[in-house]
**Student:** 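Structure incoming, see below.
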Amino acid sequence: MKQKLQQALRSSLDRLKKSKQLSFQLPEEIQIEYTRSPEFGDFASNIALVLAKQLQVKPHELAQWIIEALSAEEWLEKVEVAGPGFINFYLSSDTQNQVVADVLKETENYGRKDIGKGQRVHIEYVSANPTGPLHVGHGRSAAYGAAVSDILQATGFNVHREYYINDVGRQMDILAISVWLRYLDACGEEFDFPRNGYKGDYIREIAVELKSHYGDRFHRIAEEVFNGVPKDATSEDQEKQKEAHTDAIVVRAKELLGDDYKIVHQFGLNIILADIKEDLAEFGVHYQTWFSEKALSVDGAIDKGIEALRKKGFLYEKEDALWFQSTQFGDEKDRVLRRANGQLTYFASDIAYHWNKLQRGFEVIIDVLGADHHGYVPRVRAAMQALGLEPKAFYAPLVQFAILYRGEKRIQMSTRGGKFVTLRELRNEVGNDATRFFYLMRKSDQHMDFDLELAKSQSNDNPVYYIQYAYARICSVFRQLREKGTLFNQSIGLQSLSSLKESHEQALMNYLSRYPETLSLCALNLEPHHLANYLKELANLFHTYYNAHTFIVDDEALCQARLCLIKAVQQVIKNGFVLLGVSTPEKM
RNA sequence: GCGCCUGUAGCUCAGUGGAUAGAGCGUACGGUUGCGGUCCGUAAGGUCGCAGGUUCAACUCCUGCCAGGCGCACCA
């Protein structure tokens, strides 16, 4: 519709150019926007305001000329000048009605558009270290990544969802020794558990399982284990000392266990990863690939990634270390890929991983990151550019933590003490639907307050409930219809759409027609919250309508037309919720 | 100290350079309660953090300041 209006304005301006001998430069795009309220019509354009200065004409007067030069269109009811020189368009009601037929015809495809043109998009999200269960912060990333993926897919992109498993490195070693030490504890050994170890109860559970699988195969005497290991820190803030302590234990573990170390290492990883996979699957969050960092290092991909950078000339050696010139691409300092001690940094394997993404032919790369990692973005962006990706084909949307509240009371969380609320706990308490929707309701890169009480409540204050209720209510109307022995007749309804004259009906139809644009907006900005807000407003308009008018009326034509309208509403709620991962129960 | 993000109604938050800055909740009145738990109306409530600048037009873009959050490893 916007395009049609732009076309109409363009030809009107052409005509003016000739008749009034005007010369002016058209802007690239003639702006058409939805009006804020029906009193300004359905659409408005600011074109007269934009051109007024060039032409030295008062905007209001210019707008009048443009309107006079517009050719009559049957889909336009009227066109007016308003305010400082806006041109307001009023669509004829038949044009408005058309949306109902469109929705019912296109059903689950209504709103889908091919703006992606099949571009291959790689989106990586969550990718939490497999050192423990997912917590509520990861949950928000999961909900966000899944919704963005589905929205992009629905708008014509070819989306590949991937989870990068950081299954090597120090954190994993610390996990391994944490499990092992709890295992030794279960074997009756006595010692102080390292401050830097993973202290959660799940570690003990894994240790117990390890013991039941392997008996005391990995049992070593505590004195032997801690022999030569530097003392642990005496307070939490002595980072260096804590790390020295755990690092030494890792070395001892490898010495004492030999090849068995790998078994312990893998055992913990497997259990935690299985838990993460199950958790996400239950949350309705799916991936095409679980990509292992270990696999990357095994097949020499890291060297390939480094080689790729070297060939492009962005590497140099300094003080025995290998550096990447990320400052060439706006990073604040160059970054080390290989340390003086010969070890590769995490960044090196991350470059390899991203190089691998490019090699697989993805044209758009999206890394969903926790907001606390924002400092990491410039160097990854730099690497992607160095490797030849267009800057605008790389996106790193940030996801902020949610602050949990139980009513007024804030729920305190600290990762350090292992005292965090897990995603599973949250889902169990408030349900998948509310968890998903609440996460997506707010712009992802902003802090949000997540009220558990509200999320659980079966009241209209709860937006998820409110929208689901609208859907269920519509289902209920159709059930009621059957009980009354009346049949829903879509073709009669569609032929009678012109009888939908109530302001509520007009408003609903107008809003339904905005759904496709809302989807595009979400897709192009990677912002699913627009869709959540849209659905809330749609439900609101529906409830208002429901309370103002009866659908099942004696006038057959009117009745069927109204049923068509609410059926369209039902369809759009469904389409939107599918993309957000929220269910649409028919009864509540 | 440097960098990034955020500052909009009592609260939670929307707001693609446009018209009188909005919604929900909360507050104060009033009206409706029969498809399902309602909904509707009215009012109060704002120097859009502050100050400049760009523009016909700024909550929106730019600069500076103030406040809050996060990040600043040859860690991952």
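What's counted below: heavy atoms across the whole structure, side chains too, no hydrogens, waters or symmetry copies. We name chains A, B, ... by the order of the sequence lines, and we start the count at 1 in each one.
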**Student:** Taking only the P atom of each, what is the distance from B:G41 to B:A23 in whole angstrom?
**Tutor:** 10 Å
**Student:** Which part of the nucleic acid, if any, lies within contact of A:Ala548, taking any heavy atom under 4.0 Å across all strands shown: a base, the sugar-phosphate backbone alone, or nothing?
**Tutor:** nothing
**Student:** For the residue pair A:Phe291 and A:Tyr163, is the inter-centroid distance of their aromatic rings smaller than 6.0 Å?
**Tutor:** no
**Student:** Just how far, in rounded Å, is P of B:U38 from CZ of A:Phe542?
**Tutor:** 15 Å
**Student:** Does B:A67 have a Watson-Crick or wobble mate here (both distances under 3.5 Å), and if so which one?
**Tutor:** B:U6
**Student:** What distance, rounded to whole Å, do you find between the two P atoms, one in B:G36 and one in B:G26?
**Tutor:** 24 Å
**Student:** Of the nucleotides B:G37, B:C75, B:A19, which one has an atom closest to the side chain of A:Thr35?
**Tutor:** B:A19
**Student:** Just compare B:A76, B:C74, B:C70 and give me whichever is closest to any side-chain atom of A:Asn129.
**Tutor:** B:A76
**Student:** B:A58 and B:C50: how far apart are their P atoms, nearest whole angstrom?
**Tutor:** 16 Å
**Student:** Over 60° means perpendicular and under 30° means parallel, so classify the ring planes of A:Tyr376 and A:Tyr346, tilted if in between.
**Tutor:** tilted
**Student:** When the distance from CG of A:Asn460 to C1' of B:C40 is rounded to whole Å, what number comes out?
**Tutor:** 14 Å
**Student:** Nearest whole Å is fine: how far is B:U38 C1' from A:Tyr545 OH?
**Tutor:** 17 Å
**Student:** What's A:Ala321 touching, base or sugar-phosphate or nothing? Going by heavy atoms closer than 4.0 Å.
**Tutor:** base
**Student:** Between B:C40 and A:Thr544, is there an OP1 or OP2 to side-chain N/O distance shorter than 4.0 Å?
**Tutor:** yes
**Student:** When the P atoms of B:G45 and B:U54 are compared, how many Å lie between them, rounded to an integer?
**Tutor:** 34 Å
**Student:** Assess whether one donor atom and one acceptor atom, taken from the side chain of A:His374 and the base of B:C70, lie less than 3.5 Å apart.
**Tutor:** yes
**Student:** From the set B:U38, B:A76, B:C35, return the single nucleotide nearest to any side-chain atom of A:Ser476.
**Tutor:** B:C35
**Student:** Do nucleotides 6-18 of chain B as a string where each nucleotide becomes B, S or -: B if the base has a protein heavy atom under 4.0 Å, S if just the sugar-phosphate does, - if no protein is that close.
**Tutor:** S-----SSSSB-B
**Student:** State which of B:G71, B:C35, B:G37 makes the closest approach to the side chain of A:Gln480.
**Tutor:** B:C35
**Student:** Rounded off to whole Å, could you give me the CD1-to-P distance for the A:Ile165 and B:A76 pair?
**Tutor:** 18 Å
**Student:** Taking the six-membered ring of A:Phe329, is NZ or CZ of A:Arg381 closer than 6.0 Å to its centre and within 45° of its axis?
**Tutor:** no
**Student:** Using a cut-off of 6.0 Å, state whether more than 12 heavy atoms not belonging to A:Lys58 lie near its atom NZ.
**Tutor:** no
**Student:** Looking only at the aromatic ring of each residue, does the gap between the centers of A:Tyr34 and A:Phe43 stay below 6.0 angstrom?
**Tutor:** yes
**Student:** Heavy atoms from C-beta onward define the side chain here; which of B:A19, B:U38, B:G3 lies closest to that of A:Arg473?
**Tutor:** B:U38
**Student:** Return the pairing partner of B:C39 with a 3.5 Å limit on both distances, Watson-Crick or G-U wobble; otherwise return none.
**Tutor:** B:G31
**Student:** Find the distance A:Tyr346:OH to B:C74:C1' and express it as a whole number of Å.
**Tutor:** 17 Å
**Student:** Looking at every strand, decide which applies to A:Phe40 at a 4.0 Å heavy-atom threshold: base, sugar-phosphate, or nothing.
**Tutor:** base
**Student:** Test for a donor-acceptor pair under 3.5 Å between the base of B:G71 and the side chain of A:His373, counting only N and O atoms.
**Tutor:** no
**Student:** Counting the atoms with a prime plus P, OP1 and OP2 as sugar-phosphate, which does A:Thr550 contact under 4.0 Å by heavy atoms, base, sugar-phosphate, or nothing?
**Tutor:** base
**Student:** Under 6.0 Å from the six-membered ring centre of A:Phe478 and within 45° of its axis: does the NZ or CZ of A:Lys567 meet both?
**Tutor:** yes
**Student:** Between A:Glu243 and A:Arg170, is there a side-chain N and carboxylate O pair less than 4.0 Å apart?
**Tutor:** yes
**Student:** Searching all strands shown, indicate the nucleotide that pairs with B:G45 (Watson-Crick or G-U wobble; both distances under 3.5 Å).
**Tutor:** none
**Student:** Would the A:Phe324 and A:Tyr316 ring centres measure less than 6.0 Å apart?
**Tutor:** no
**Student:** Take atom CZ of A:Arg379 and atom P of B:A76, then tell me their distance rounded to the nearest Å.
**Tutor:** 11 Å
**Student:** Mind telling me whether A:Phe450 and A:Phe438 have parallel, tilted or perpendicular rings, with 30° and 60° as the class edges?
**Tutor:** tilted
**Student:** What distance, rounded to whole Å, do you find between the two C1' atoms, one in B:U20 and one in B:U12?
**Tutor:** 25 Å
**Student:** Quick check: on RNA chain B, is the nucleotide nearest A:Glu586 upstream (toward 5') of the one nearest A:Tyr376, or the reverse? Name the residue that is more 5'.
**Tutor:** A:Glu586
**Student:** Taking only the C1' atom of each, what is the distance from B:U8 to B:C2 in whole angstrom?
**Tutor:** 29 Å
**Student:** Fit a plane to each ring of A:Tyr546 and A:Phe551, take the angle between them on a 0 to 90° scale, and name the class: parallel (under 30°), tilted (30 to 60°) or perpendicular (over 60°).
**Tutor:** perpendicular
**Student:** Distance between the P atoms of B:U6 and B:G17, in whole angstroms?
**Tutor:** 15 Å
**Student:** Calculate the interatomic distance between A:Phe324 atom CZ and B:C74 atom P; express it in whole Å.
**Tutor:** 15 Å
**Student:** Any strand counts, and the cut-off is 3.5 Å on both contacts for Watson-Crick or G-U wobble. Which nucleotide pairs with B:A14?
**Tutor:** none
**Student:** Between B:C35, B:A19, B:A76, spot the one nearest the side chain of A:Asn88, thanks.
**Tutor:** B:A19
**Student:** In whole angstroms, how far is the P atom of B:G22 from the OH atom of A:Tyr511?
**Tutor:** 16 Å
**Student:** Would you indicate what A:His549 reaches in the nucleic acid, counting non-hydrogen atoms under 4.0 angstrom: base, sugar-phosphate, or nothing?
**Tutor:** base
**Student:** Which nucleotide, if any, forms a Watson-Crick or G-U wobble pair with B:G1, using both distances under 3.5 Å?
**Tutor:** B:C72
**Student:** If we take the C1' atom in both B:C59 and B:C25, what is their distance in whole Å?
**Tutor:** 23 Å
**Student:** Nearest to the side chain of A:Glu332, heavy atoms from C-beta on, is which of B:A19, B:U38, B:C72?
**Tutor:** B:C72
**Student:** Indicate, with a heavy-atom threshold strictly under 4.0 Å, whether A:Arg338 touches base, sugar-phosphate, or nothing.
**Tutor:** nothing
**Student:** So, under a plain 3.5 Å distance rule, would you say the side chain of A:Glu319 forms a donor-acceptor pair with the base of B:C74?
**Tutor:** yes
**Student:** Above 12 or not: heavy atoms from other molecules or residues under 6.0 Å from CG of A:Asp554?
**Tutor:** no
**Student:** I want to verify a distance call: between B:G37, B:C74, B:C35, whose nearest atom is closest to the A:Tyr465 side chain?
**Tutor:** B:G37
**Student:** Does A:Tyr469 lie flat on the base of B:G36, that is, centres under 5.5 Å apart and planes under 30° off?
**Tutor:** no
**Student:** Give the nucleotide from the list B:A76, B:C35, B:C74 with an atom nearest to the side chain of A:Lys333.
**Tutor:** B:C74
**Student:** Both A:Asp334 and A:Lys484 contact RNA chain B. Which one's nearest nucleotide lies toward the 5' end?
**Tutor:** A:Lys484
